[in-house]
Novice: 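The structure that follows is given in the form of structure tokens.
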Amino acid sequence: MISKINRKTLLYKSEVEYADYCINHVEGCSHGCRYPCYAMMLKKRCGVIKDYNDWIHPKLVMNALELLNKEIPKLKGKIHVVHLCFTTDPFMYKQKEVKELTLKIIERLNKDNIRCTVLTKGILPKELLDIKKYGENNEYGITLVSLNEKFRKEYEPGTAPFKKRIDSLKFLSENNLKTWISMEPYPTTNIIKQNLEKILSKISFVDSLIFGKLNYNVKVSKFQKEDKEFYDKCANQVISFCELRGIGYHIKYGTKKKDNKETSDIFIQNYNKSILF
Ligand code: SF4
């Protein structure tokens with residue numbers, strides 16, 4: 001059984017473009033990504049967790065709903081979109097208690113007409129189809145940077161298999177819910193050689209896509225010379241793919257060659273197309 005903790009606050013102001021606030025209602029994450037996980041590095045630096053082993057034994061925030069009931073009225077009019085999650089995973093694979101709490105949180109936010117954007121490396125549950133409980137305007141996403149299961153087991157050991165992840169997302173899309181993909185951190189070819197076009201072809205049903213490079217892995221430093229060329233080529237492939245199909249996209253800063261201007265132009269051009277931005 002998963003451990004429990006209490007927190008003093010839950011809703012945090014977000015710094016990303018697509019959400020005003022975010023919620024991290026679990027401490028740690030059993031997915032244990034080895035890219036490495038930025039959230040884990042941060043928590044370790046702040047002394048919240050001891051090590052990797054501590055991180056992969058998540059703790060559920062027991063009083064999350066109680067906190068939401070107090071915080072939502074205080075933020076009335078200021079809060080429109082909440083992202084789940086930045087420093088944990090809302091549908092952690094095979095963690096039933098995390099899934100149940102996440103569903104209750106989405107339901108509570110939607111009750112006050114607060115939209116949610118959700119991102120997971122787990123499986124999006126079919127329960128989300130119940131639009132009386134969860135509304136129709138949430139945006140459900142999965143992270144997908146490969147289709148290779150050997151790579152997944154090495155870099156995302158506790159996550160859901162890629163096919164299961166895609167199937168759960170496709171199911172929601174086929175039932176008219178909004179879906180998106182986070183293709184970040186996309187690995188360099190000294191980590192895995194793979195066909196980006198083939199990965200994209202599996203998720204052509206989504207409404208929008210975010211593409212970004214790998215930043216913190218030691219193998220990236222060995223790849224630096226080709227790095228820009230590689231990511232520039234990938235970003236162009238993603239852009240062509242999305243434009244051809246009317247999929248909204250955002251190329252993360254630093255992924256495309258040279259300049260911020262080019263990147264921010266891409267962002268602006270597609271602002272209206274994307275459900276997320
Ligand atoms: S799923 Fe996200 S939060 Fe969980 S370990 Fe992986 S990168 Fe970290």
Side-chain angles (χ1 to χ4, degrees), residues 16 28-45 49 51-53 55-56 85-89 91-93 119-123 141-169 180-204 206 208-242 249-258 263 266:
V16 295
C29 180
S30 55
H31 288 168
C33 298
R34 293 185 179 276
Y35 289 108
C37 168
Y38 178 72
M40 184 197 72
M41 295 197 297
L42 205 70
K43 298 276 177 170
K44 221 165 124 185
R45 211 177 304 144
I49 56 148
D51 50 25
Y52 181 80
N53 191 48
W55 176 252
I56 59 169
C85 305
F86 284 121
T87 64
T88 186
D89 194 297
F91 290 116
M92 229 172 271
Y93 192 45
L119 183 63
T120 184
K121 289 190 183 85
I123 293 175
I142 59 162
T143 302
L144 186 80
V145 296
S146 180
L147 298 172
N148 185 311
E149 281 297 301
K150 194 167 164 270
F151 166 83
R152 183 186 68 77
K153 284 175 191 156
E154 188 179 343
Y155 279 85
E156 308 175 355
T159 59
F162 292 127
K163 184 169 181 321
K164 286 193 176 183
R165 250 185 259 184
I166 298 170
D167 288 349
S168 73
L169 188 73
W180 61 291
I181 289 282
S182 171
M183 213 172 247
E184 188 193 20
Y186 192 76
T188 46
T189 56
N190 57 341
I191 293 174
I192 181 171
K193 286 192 174 42
Q194 54 182 3
N195 183 336
L196 176 57
E197 213 54 57
K198 197 173 162 197
I199 304 171
L200 290 168
S201 72
K202 300 282 181 202
I203 45 98
S204 57
V206 296
S208 62
L209 191 155
I210 292 177
F211 183 81
K213 68 196 286 254
L214 176 65
N215 289 309
Y216 307 105
N217 194 287
V218 280
K219 289 193 178 165
V220 171
S221 51
K222 292 185 185 142
F223 192 67
Q224 266 174 4
K225 273 187 205 144
E226 302 119 283
D227 188 9
K228 283 283 178 191
E229 296 297 330
F230 170 69
Y231 280 119
D232 198 49
K233 203 173 141 218
C234 292
N236 287 332
Q237 245 178 299
V238 170
I239 293 167
S240 310
F241 177 86
C242 290
Y249 59 85
H250 175 45
I251 307 298
K252 290 293 275 285
Y253 173 74
T255 301
K256 239 185 115 30
K257 210 173 173 180
K258 283 189 214 147
T263 307
I266 288 168

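Positions are given from 1 along the sequence. Source: prediction; values computed, not measured.
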Novice: Evaluate the side chain to side chain contact (heavy atoms under 4.5 Å, CB included) criterion for residues Ile181 and Ile210: first the C-alpha distance (whole Å), next the side-chain angles of each, then the deciding distance (0.1 Å), finally the verdict.
Specialist: CA-CA 6 Å; Ile181 289 282; Ile210 292 177; over 6 Å; no
Novice: Less than 4.5 Å apart, side chain to side chain, heavy atoms only: is that true for Pro187 and Tyr35?
Specialist: no
Novice: When you look at Asp232 and Glu229, which way does the side chain to side chain contact (heavy atoms under 4.5 Å, CB included) test go after all the steps?
Specialist: CA-CA 5 Å; Asp232 198 49; Glu229 296 297 330; 5.5 Å; no
Novice: Where is the tightest heavy-atom contact between Leu119 and Ser182, given as atom of each residue plus distance?
Specialist: CD1-CB, 3.8 Å
Novice: Evaluate the side-chain proximity of Phe91 to Ile123: yes if any heavy-atom separation is below 4.5 Å, no if none is.
Specialist: no
Novice: Determine whether a donor-acceptor pair (N or O, by modelled atom type, separation under 3.5 Å) exists between the side chain of Thr88 and the backbone of Gly28.
Specialist: yes
Novice: Are there more than 12 heavy atoms of other residues, nucleotides or ligands under 6.0 Å from atom OH of Tyr52?
Specialist: yes
Novice: For residues Cys234 and Phe211, report the shortest heavy-atom separation together with the two atoms involved.
Specialist: CB-CZ, 3.5 Å
Novice: Measure the CG-OG1 distance between Asn215 and Thr255 for me, rounded to the nearest 0.5 Å.
Specialist: 7.5 Å
Novice: Can any side-chain N or O of His31 pair as donor or acceptor with the backbone N or O of Met92 at less than 3.5 Å?
Specialist: no
Novice: Answer whether the closest heavy-atom distance between the side chains of Thr143 and Thr120 falls below 4.5 Å.
Specialist: no
Novice: Quick one: does Tyr186's side chain have a donor or acceptor within less than 3.5 Å of a partner on Ala235's backbone?
Specialist: no
Novice: Closest approach of Gln237 and Leu196, non-hydrogen atoms and distance?
Specialist: OE1-CD2, 3.7 Å
Novice: Taking Thr159's backbone N and O only, do any of them form a donor-acceptor pair with Arg152's side chain (distance below 3.5 Å, no angle check)?
Specialist: yes
Novice: Which atom pair, heavy atoms only, marks the closest approach of Thr87 to Trp55?
Specialist: O-CH2, 3.3 Å
Novice: The test is side chain to side chain contact (heavy atoms under 4.5 Å, CB included); show your working for Cys33 and Lys121 and say whether it passes.
Specialist: CA-CA 10 Å; Cys33 298; Lys121 289 190 183 85; 3.9 Å; yes
Novice: Any side-chain heavy atom of Met183 sitting closer than 4.5 Å to one from Leu200?
Specialist: yes
Novice: Atom OG in Ser201, atom CZ in Phe241: separation rounded to 0.5 Å?
Specialist: 7.0 Å
Novice: For Leu144 versus Phe162, what's the shortest heavy-atom pair and its separation?
Specialist: CD1-CD2, 3.6 Å
Novice: I need the full list of salt bridge (Lys or Arg N to Asp or Glu O under 4.0 Å) pairs touching residues 154-164, with sequence neighbours left out, sorted by first then second residue.
Specialist: Glu156-Arg165, Lys163-Asp167
Novice: Quick check for you: to the nearest 0.5 Å, what is the distance between Glu184 atom CD and Ile251 atom CD1?
Specialist: 10.5 Å
Novice: Which heavy atom of Tyr93 sits nearest a heavy atom of Gly158, and at what distance?
Specialist: CB-O, 3.5 Å
Novice: State, yes or no, whether a side-chain contact exists between Met40 and Ile49 at a heavy-atom distance under 4.5 Å.
Specialist: yes
Novice: Are any of the side-chain heavy atoms of Tyr155 and Leu214 separated by less than 4.5 Å?
Specialist: no
